[in-house]
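Both backbone and side-chain heavy atoms feed into the values below; hydrogens, waters and symmetry mates do not.
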Amino acid sequence: MRRLKNNLGDVERCFSAENFDCRIFGSQTKGRIDLRKTHKPTEVSGLGFIEALTLLFIGLKLTGHITWKWLWVLSPMWITLSIAFVLALLIVAIDAVRDRLNDDEEDETV
């Protein structure tokens with residue numbers, strides 16, 4: 001385990017600069033990294049499914065094809081936001097429980 005940690009530290013040191021010359025896992029690696037070519041940003045365009053569904057429901061409501069309440073016409077948006085909010089709360093709760101368990105383990109070892 002100690003060897004793995006040492007090797008990971010070597011990797012961090014080697015790739016922290018633009019130029020690298022290091023020995024990782026017994027092999028010699030030399031060269032130059034062009035950091036601008038290693039990351040290509042992705043572009044997202046157009047409507048997502050939820051936005052398209054919401055626009056469809058709004059169009060159907062305004063043209064009289066559906067007689068739903070506005071609450072249900074806009075439901076794809078608020079349901080998605082509600083799910084995201086619940087997931088965020090769940091992540092925060094799990095993190096709080098992990099922190100409490102780690103604190104309890106540290107108190108027992110002292």
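The CG atom of L56 sits 7.5 Å away from atom CD1 of I66, with the distance rounded to the nearest 0.5 Å. To the nearest 0.5 Å, atoms CG (D103) and CZ (R100) are separated by 9.0 Å. A distance of 11.0 Å separates CG of L74 from CG of L53, quoted to the nearest 0.5 Å.
When each of L60, I58, L62 is paired with V73, the side chain to side chain contact (heavy atoms under 4.5 Å, CB included) condition holds for I58 and for no other. Considering T80, V86, I79 in turn, I79 is the only one that fulfils the side chain to side chain contact (heavy atoms under 4.5 Å, CB included) rule with I83. Under the side chain to side chain contact (heavy atoms under 4.5 Å, CB included) test applied with F85, the options L87, L89, L81 reduce to a single match, L89.
For the residue pair I50 and P76, the shortest heavy atom distance occurs at CG2-O, 3.5 Å.
With contacts defined as side-chain heavy-atom distances shorter than 4.5 Å, the pair W72/W78 qualifies.
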